[in-house]
Amino acid sequence: MKIACIGAGYVGGPTMAMVALKCPDIEVVVVDINEERINAWNSDKLPIYEPGLFEVVKEARGRNLFFSTDTKKHIGEADIVFVSVNTPTKSTGIGAGKAADLTYWEGAARLIASVSTSSKIVVEKSTVPVKTAEAIGKVLQRNCATPGVEFEILSNPEFLAEGTAIEDLRHPDRVLIGGADTVSGRKAIETLASVYAHWIPRERILTANLWSAELAKLTANAFLAQRISSINAISALCEATGADVQQVAHAIGTDSRIGPKFLNASVGFGGSCFQKDILNLSYVCESVGLKEVAEYWYQVVSMNDYQKQRFVERIISAMFNTVSKKKIAIYGFAFKKDTGDTRETPAIDVCKGLIRDGAKCSIYDPEVTPEQIFRDLSAPKFEWDRPNYSRSASHMLENVQVAPDATAAAEGAHAICILTEWDAFKAYDYQALYDKMHKPAFIFDGRNILDHAKLRETGFIVYALGKPL
Ligand code: NAD
Ligand code: UGA
């Protein structure tokens, strides 16, 4: 059996590496139009930072795992084609700012149709709006010139989280496969299930109809993001009343019906998917006339925007209502720890908010490059996922400095803001950092990872999310 995967990104790369590792009898080729990315996958410096990924790639690469730009050859030869291309939010036209942009997906489908001389199972790995398989089916069938070639479409959404991708792929809570309830549909589901069954217990391989599988992915992300927005909403109330959001979260999380996970109040959720998928879900609801349902889910995104804005306003008001010309050290730019990914990171909005008020941000992140930070702070909203967006806001960059380490960022700063929960930030010598800062020295802990009592003893004025002063 041969598997090809279109898209060598955060999902395609790690997912296929795990399939290859666990299925030595299957040839797995990941293809991408981005040559630089493919070269990096073939090198010792992989294009994404993910704990444990390199070891998995190293073991399978060259054995039965390959990365290539020869899309036509490998898709043409494959029995199963995964499509794991980006599905960003539309930035122009109908549905701009909400609907999923399926340009890349449709491009991939046309490519599959044009090179196929044998029947194939086409697997939706990307997160797509419900009913996408119907549209993709039409593109595939009507663009394939070879008689007798059939395409069976499956939905197999990915639930991995960045930073824990390898562990999530090795021991997933479940694998979901949606397909048509026909003889060929059931056969295709079984073919894909037998791939995963190489390492995943059968009871964890769930099957569903196509639309349920597509919608389950959007729903899972909406529910996860909703928990964060819910606890973040409560964090605002905690700050106003003297309650402590971590105590509240612990108290509710011990109820087995609620559970303890995903209740960390934060400066806001980031990442390439939560916002995009909720906007997409809301848009689908609107398009079928479910205005109230659309508005309900849209609130999760609004609350997230409010949380980021609230964090900026709190910093400014705490620092005597002015941050003009003040240096502010930003610790962490990635959207979460253990990844170098900055897509939709809350740090972008927080830095932009501070800079608009005249602050000078000195940013340090152990895994994010200066080029990436400058690119993010000059990219218009929703444009980061397109290769040729026009840069704007160059004035932003005049007030941005990327520091080589945490000490350099704090040197001469008025405040430190923790925006990513990197473990290393907990172990710093804050007394030494305090000594290098202007006084009064502030810390704004947007992740609640530091020892606030100790920092106060050191002399810092500490503001922590959802906690009493
Ligand atoms: P990504 O941007 O990292 O990777 C997508 C890749 O597809 C890019 O390298 C791009 O060059 C390539 N591509 C686009 N069109 C192509 C074409 N026609 N032929 C060949 N290559 C093409 O995106 P990602 O983070 O891997 O996400 C992919 C999908 O998976 C999205 O729909 C996303 O919502 C979903 N998803 C992402 C995550 C995550 O943690 N990032 C988790 C679950 C699901
Ligand atoms: C999320 C989901 O967890 C995955 O299941 C899903 O596959 C993926 O989206 C996707 O579809 O892309 P990811 O975005 O990689 O994964 O990371 P998460 O751990 O979910 O964190 C998302 C954001 O929420 C981060 O900014 C994180 O800091 C924030 N978060 C998370 C909180 O603020 N509080 C929490 O309690 C948990």
Side-chain angles (χ1 to χ4, degrees), residues 4-16 30-38 40-41 47-48 50 68-69 71-72 74-75 81-89 100-112 124-129 132 156-165 168-169 172-173 217-218 220-225 227-232 235 249 253 260-277 280 304 307-308 332 334-339 341-347 384-387 419-421 446-448 465:
C5 174
I6 308 178
Y10 285 86
V11 169
T15 311
M16 290 302 118
V30 189
V31 296
D32 203 295
I33 40 177
N34 183 336
E35 194 175 347
E36 203 185 324
R37 238 181 185 180
I38 290 297
W41 279 110
I48 62 178
E50 190 64 60
S68 170
T69 49
T71 49
K72 290 184 181 164
H74 296 293
I75 296 166
V81 182
F82 283 83
V83 182
S84 186
V85 299
N86 35 333
T87 49
T89 307
D101 179 352
L102 293 177
T103 312
Y104 302 97
W105 226 111
E106 190 176 325
R110 288 182 188 278
L111 177 64
I112 298 169
E124 288 178 347
K125 197 49 145 170
S126 301
T127 304
V128 290
T132 297
N156 172 221
E158 184 49 59
F159 296 103
L160 68 78
E162 288 176 30
T164 54
D168 294 344
L169 289 167
D173 286 348
K217 173 62 194 176
L218 292 182
N221 275 0
F223 268 60
L224 289 168
R227 271 174 83 91
I228 303 168
S229 278
S230 297
I231 200 69
N232 282 346
S235 76
K261 294 184 183 166
F262 255 68
L263 285 178
N264 293 321
S266 67
V267 57
F269 59 73
S272 61
C273 294
F274 279 174
Q275 173 176 282
K276 149 178 102 60
D277 293 347
N280 178 351
N304 198 48
Q307 185 76 347
K308 291 182 272 188
F335 81 98
K336 62 186 282 198
K337 72 171 181 176
D338 292 339
T339 176
D341 194 353
T342 60
R343 295 178 293 177
E344 294 292 346
T345 175
W384 49 264
D385 213 2
R386 291 172 182 78
L419 299 188
T420 312
E421 72 281 23
R447 296 286 183 170
N448 284 339
L465 250 171

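Note that ligands are numbered from 1 as they come in the structure, with each ligand's atoms numbered from 1 the same way.
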Under 4.0 Å from any heavy atom of S266, which atoms of ligand 2 are there?
32 (C), 33 (O)
Check contact between R447 and ligand 2, using heavy atoms of the residue and a distance below 4.0 angstrom.
yes
Do me a favour and list the nearest non-hydrogen protein atom to atom 15 (O) of ligand 2 with residue, atom name and distance?
E162 N, 2.8 Å
Should you measure from each heavy atom of A161, which atoms of ligand 2 turn up under 4.0 Å away?
3 (O), 15 (O), 16 (O), 17 (O)
Hey, is S272 touching ligand 1 through its side chain, its backbone, both or neither, going by heavy atoms under 4.0 Å?
side chain
Is there a polar contact, in the sense of an N or O pair closer than 3.5 Å, between N221 and ligand 2?
yes
Do you know the tightest heavy-atom contact between C5 and M16?
CB-CG, 3.4 Å
Is P88 close to Y104 at the side-chain level, that is, under 4.5 Å between some pair of heavy atoms?
yes
Of T15, T127, D341, the residue with the heavy atom nearest atom 44 (C) of ligand 1 is T127
L160 and ligand 1 - part of the residue with a heavy-atom distance under 4.0 Å:
both
Under 4.0 Å, heavy-atom basis, I'd like to know which part of K217 is in contact with ligand 2: side chain, backbone, both or neither.
side chain
Once you round to the nearest 0.5 Å, how far does CG of N232 lie from CG of L263?
10.5 Å
Atom 20 (O) of ligand 2: the protein heavy-atom neighbour that sits closest, reported with distance to 0.1 Å:
F262 CZ, 3.1 Å
R343, portion touching ligand 1 at heavy-atom distance under 4.0 Å
side chain
In terms of side-chain heavy atoms, does E158 have a donor or acceptor partner in S84 at a distance below 3.5 Å?
no
Residue pair W105 / V128: nearest heavy atoms and the distance that separates them
NE1-CG1, 3.3 Å
Please identify which atoms of ligand 1 are closer than 4.0 Å to at least one heavy atom of S84.
5 (C), 28 (C)
Any idea which part of L160 is under 4.0 Å from ligand 2, heavy-atom wise: side chain, backbone, both or neither?
backbone
Just to confirm my output: which protein heavy-atom neighbour is closest to atom 21 (O) of ligand 2, and how far is it?
K336 CD, 4.0 Å
Answer yes or no: is there a donor N or O on one side and an acceptor on the other, between the side chain of K336 and the main chain of E162, under 3.5 Å?
yes
Atom indices of ligand 2, in the order listed, that fall short of 4.0 Å to a heavy atom of L263:
36 (O)
Is it the side chain, the backbone, both or neither of C273 that has a heavy atom closer than 4.0 Å to ligand 1?
side chain
Quick test: of every protein heavy atom, which one is nearest to atom 31 (C) of ligand 2, and how far off is it to 0.1 Å?
I228 CD1, 3.5 Å
One should read off an interatomic distance between I228 CD1 and N264 CG, to the nearest 0.5 angstrom, of 8.5 Å
With a 4.0 Å cut-off on heavy atoms, does C273 reach ligand 2?
yes
Would you please say whether a donor-acceptor pair under 3.5 Å links the side chains of D101 and T103?
yes
Filtering G163, G270, S126 for the heavy atom nearest atom 23 (C) of ligand 2 leaves G270
Of the listed options D277, T420, N264, T339, closest to atom 36 (O) of ligand 2 (non-hydrogen atoms):
N264
Please work out, at 4.0 Å between heavy atoms, whether the side chain, the backbone, both, or neither of D32 comes within that distance of ligand 1.
both
Examine the proximity of ligand 2 to T164 and report which part, side chain or backbone, both or neither, has a heavy atom under 4.0 Å away.
neither
Just to confirm my output: which protein heavy-atom neighbour is closest to atom 22 (C) of ligand 2, and how far is it?
F274 CE1, 3.6 Å
Find the distance between CD1 (I38) and CG (D32) and round it off to the nearest 0.5 Å.
5.0 Å
V31 versus H74, closest heavy-atom pair with distance:
CG1-CB, 4.0 Å
Is there at least one pair of N or O atoms, one from L224 and one from ligand 2, spaced under 3.5 Å apart?
no
Where is the nearest protein heavy atom to atom 5 (O) of ligand 2: which residue, which atom, and how far?
F159 O, 2.7 Å
Below 4.0 angstrom from a heavy atom of E158, which ligand 2 atoms are there? Numbered from 1 as shown, please.
7 (O)
Step-by-step salt bridge (Lys or Arg N to Asp or Glu O under 4.0 Å) determination, E421 to K337
CA-CA 5 Å; E421 72 281 23; K337 72 171 181 176; over 6 Å; no
Set out, in order, the CA-CA distance, both residues' side-chain angles and the distance that settles salt bridge (Lys or Arg N to Asp or Glu O under 4.0 Å) for K217 and E124, then state yes or no.
CA-CA 11 Å; K217 173 62 194 176; E124 288 178 347; over 6 Å; no
Quick check on T127 - does any of its heavy atoms sit under 4.0 Å from an atom of ligand 2?
no
What distance do L160 atom CG and E50 atom CD have between them, rounded to the nearest 0.5 Å?
7.5 Å
Per atom 22 (C) of ligand 1, closest listed option by heavy atom (I33, V128, D277):
I33
Atom 14 (O) of ligand 2: nearest protein contact (heavy atom, Å)
F335 CE1, 3.5 Å
